[in-house]
**Student:** 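Mind looking over this structure? Questions follow.
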There are 2 protein chains.
Amino acid sequence: MVGATAAVTPVQNSQRPAKISAAAVARAAGVSPATVSYVMNGRQGVSADTRRQILKIANELGYRPSGHGRLPDPLLTRVVGFILPNITNPMHTGWAQHIITASAAEGFDVFVATTFDDPESLAQIASTLAARNVDGVIIAGALREDSRALRTLRQRRIPYVYLSRRADHVPGDFVGIDDDTAASQLMQHILDHGYTEIATVIGPRFSTASMAREIAFVRTAAAAGADISGPRKISTRLSADGGLVAAQQLLDSSAPPRAIVCGSDEIAMGVMEHALARGLRIPEDVAVVGSDGLTHSRSRLIGMTTIVQPVKQMADRAFELLLDQIASPRTTYTQTICAHRLHIGTSCGCPAGAAPASP
Amino acid sequence: MVGATAAVTPVQNSQRPAKISAAAVARAAGVSPATVSYVMNGRQGVSADTRRQILKIANELGYRPSGHGRLPDPLLTRVVGFILPNITNPMHTGWAQHIITASAAEGFDVFVATTFDDPESLAQIASTLAARNVDGVIIAGALREDSRALRTLRQRRIPYVYLSRRADHVPGDFVGIDDDTAASQLMQHILDHGYTEIATVIGPRFSTASMAREIAFVRTAAAAGADISGPRKISTRLSADGGLVAAQQLLDSSAPPRAIVCGSDEIAMGVMEHALARGLRIPEDVAVVGSDGLTHSRSRLIGMTTIVQPVKQMADRAFELLLDQIASPRTTYTQTICAHRLHIGTSCGCPAGAAPASP
DNA sequence: CATTTTACTTAACGTTGCTTAACACCATCT
DNA sequence: AGATGGTGTTAAGCAACGTTAAGTAAAATG
């Protein structure tokens, strides 16, 4: 046969649902069966044009690579992107590690990109990831007010999942903790200690997580009669440095706070460091608590009281949702709220061993 | 104008957007294919007139240089890979951050892959990175005795740079610190304190960096008459957990050491944590020092004495070397030894402020 | 007029992208 | 069971292509 080739009505002649063979696709596309095989198995050595053409025809004819152990989907690049503000904050690196591990288990590679919370970077990164045909993106560095990146992804029909932070007005799957409840519990614990002069230091307000925590902090304190406002309500960079600067402002004041509640462990560490540098004792002179539950901050070296976030669970869930979207795009969105836990250390004023420390 | 373009309807022709070859452009312009190539690549040696003419025709025909005979264009993908044992150790994340930043500045995206120091993972990762046609790889997780990954890269002519650790018997560009000198200085400082009962805890011995440090530790101690051997010479995982376990072994012994010198800050933190849990004081009961110089361990919260490695400089240099190799492959290799610095904290027994703490 | 420079061609690669053909696999039919 | 044919996979082959060194002729230069 072979010689036949060319011509041959490609599609129209389907009066009955005959079996569609790879050879039929090859003929319709004007290529050899081998080329079809290469495309369906995601091998390289086929030009992008030809690949597209073959996939299009295969789709029209309803060809299913009915064989055995073929790759799930030849259209996938098996690459995902992970966008985060930076990769130095241990909270972020924890997520990154678990996302990379989960991805590797599914045969995906991960582009890791950092924005430093710069809107331009974020938009730029989304563009290049889209240009690289990633199958999906997990975003742990969304900005509340800048939706350019998200719009780029939506336009290109690239699935994405928010992790911890989200953009206002752009819907999407979300994985996080209940920031409001967690922050309330943490503040309540501080209030239970009897502290009344309280300050809060959170990360940037363009992060929905930071905002939610600050709001809950302030509301809970207010309910107990403690006012947190003005110079006692600080937003800073999400790093130890940010905490250092904030602590300086707070402790330089004529009425320094008795307790400092932070929206992140890294910030809390910066606050602690500055307090120690001034010769203050923690928690005797000033109590400091955080909100990430990093292993390090919970260790006896630091003994921080903090909200423990289930890092692995969050990352795994985010990747799972992404895979799900990749497999079958949907228009409804899922919110996953992971269970947090209040870890009682010594930095709040509780005695050592007040609660069982956990690994 | 124009020589009327040797016939040939450019686009309208038939259903498909027929492929336009450089030869076709050459014919239409009445020149040789080589000349077209020179123009397209912006080489000189072509008159302005000819150049303009060719560009015009190429544009009319919609010529797209469909990389066929394209000589090994080194910048095929503008993607590099970064392989490291894990992305939770702050030392590694520091490198990762700077490599990602440097890459982004040059328009590269980065695949981050973690091996957990498993030889199979490492080999696997090298294969998939090679299959993805990365332009180069930076390896911070090389194993001394397993060269499969490196062989894969060499076979595919993919440039690579070792960071901090290297594989025995496989040459390559290397960026690191002078582990031997650094470790000697650190040990010497401990010896200067007058400690004689000394233990060392290093990372896995399949890391060249760990090995080099252990050897220097032991040699320097021996030169001062202090013997470190048997249960006092421990290799463990490169994490706080590893340090915890090691400390347990050391301090459970009937003759616990007075000083513990660690090959990594993370390990040292684990050691410290366990010591504190036993109610020991640092440095009064046991001195503990590390070797990475993480910002956190140097902070007043911990006050670790440690070797400071120039993280940014190392990462930038590694990426620079990689770019250099990508641009012009070479067969000679460069070793870059970055300057380290001994940071004196309080964990060794020095009084606070013995040396100026640095940011 | 001798020599260098400029502007292009020729020809030899090394690739890419696809085809041909050999092969392994499975179901069905003797 | 063994033979048969259809099917998808894979190695080997090969033509087309863009690149570049080497070559050459004309123009510029001294």
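Convention: sequence-line order gives letters A, B, ...; per-chain numbering from 1.
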**Student:** Without decimals, in angstroms, what is the distance between B:Tyr63 OH and D:dC17 P?
**Tutor:** 10 Å
**Student:** Are any of A:Thr50's side-chain N or O atoms less than 4.0 Å away from OP1 or OP2 of C:dG17?
**Tutor:** no
**Student:** Does OP1 or OP2 of C:dT16 have a side-chain N or O of A:Ser47 closer than 4.0 Å?
**Tutor:** no
**Student:** Taking the ring of B:Tyr333 and the ring of B:Phe174, is the distance between their centroids below 6.0 Å?
**Tutor:** no
**Student:** What's A:Ser37 touching, base or sugar-phosphate or nothing? Going by heavy atoms closer than 4.0 Å.
**Tutor:** base
**Student:** Ignoring the backbone of B:Val46, work out which of D:dT20, C:dC8, D:dT10 is nearest its side chain.
**Tutor:** C:dC8
**Student:** Using atom CD of B:Gln44 as one end and atom C1' of D:dT19 as the other, report the distance to the nearest whole Å.
**Tutor:** 17 Å
**Student:** Among side-chain atoms of A:Tyr38 and A:Arg51, is any donor-acceptor pair under 3.5 angstrom?
**Tutor:** no
**Student:** I need the CD-P distance between A:Gln53 and C:dG17, as an integer number of Å.
**Tutor:** 16 Å
**Student:** How about B:Thr336 and B:Arg317: does a side-chain donor come under 3.5 Å of a side-chain acceptor?
**Tutor:** yes
**Student:** Would you classify A:Ala22 as touching base, sugar-phosphate or nothing, given that sugar-phosphate means primed atoms plus P, OP1 and OP2, and contacts are heavy atoms under 4.0 Å?
**Tutor:** sugar-phosphate
**Student:** Quickly work out the B:Met40 CE to D:dT19 P distance and round it to whole Å.
**Tutor:** 9 Å
**Student:** Rounding to an integer number of Å, can you tell me how far B:Ile54 CD1 sits from D:dG18 P?
**Tutor:** 13 Å
**Student:** Find the distance B:Asn41:CG to D:dT20:P and express it as a whole number of Å.
**Tutor:** 6 Å
**Student:** Take the protein atom CZ of A:Arg27 and the nucleotide atom P of D:dG8, then report the distance between them rounded to whole Å.
**Tutor:** 11 Å
**Student:** Specify the separation, in whole Å, of atom OH of A:Tyr38 and atom P of D:dG13.
**Tutor:** 13 Å
**Student:** Any base atoms under 4.0 Å from B:Val31, or only sugar-phosphate, or nothing? Heavy atoms, all strands.
**Tutor:** sugar-phosphate
**Student:** At less than 4.0 Å, is any side-chain N or O atom of A:Thr35 found next to OP1 or OP2 of C:dT19? Yes or no.
**Tutor:** yes
**Student:** If you compare all heavy atoms of B:Ser147 against all heavy atoms of B:Val170, which two are closest, and at what distance to 0.1 Å?
**Tutor:** CB-CG2, 3.5 Å
**Student:** B:Ser32 near the nucleic acid: base, sugar-phosphate alone, or nothing, with a heavy-atom cut-off under 4.0 Å?
**Tutor:** base
**Student:** Given side-chain hydrogen bond (donor to acceptor under 3.5 Å, both in side chains), test B:Asn86 with A:Gln97 step by step and report yes or no.
**Tutor:** CA-CA 7 Å; B:Asn86 66 69; A:Gln97 177 66 78; 5.8 Å; no
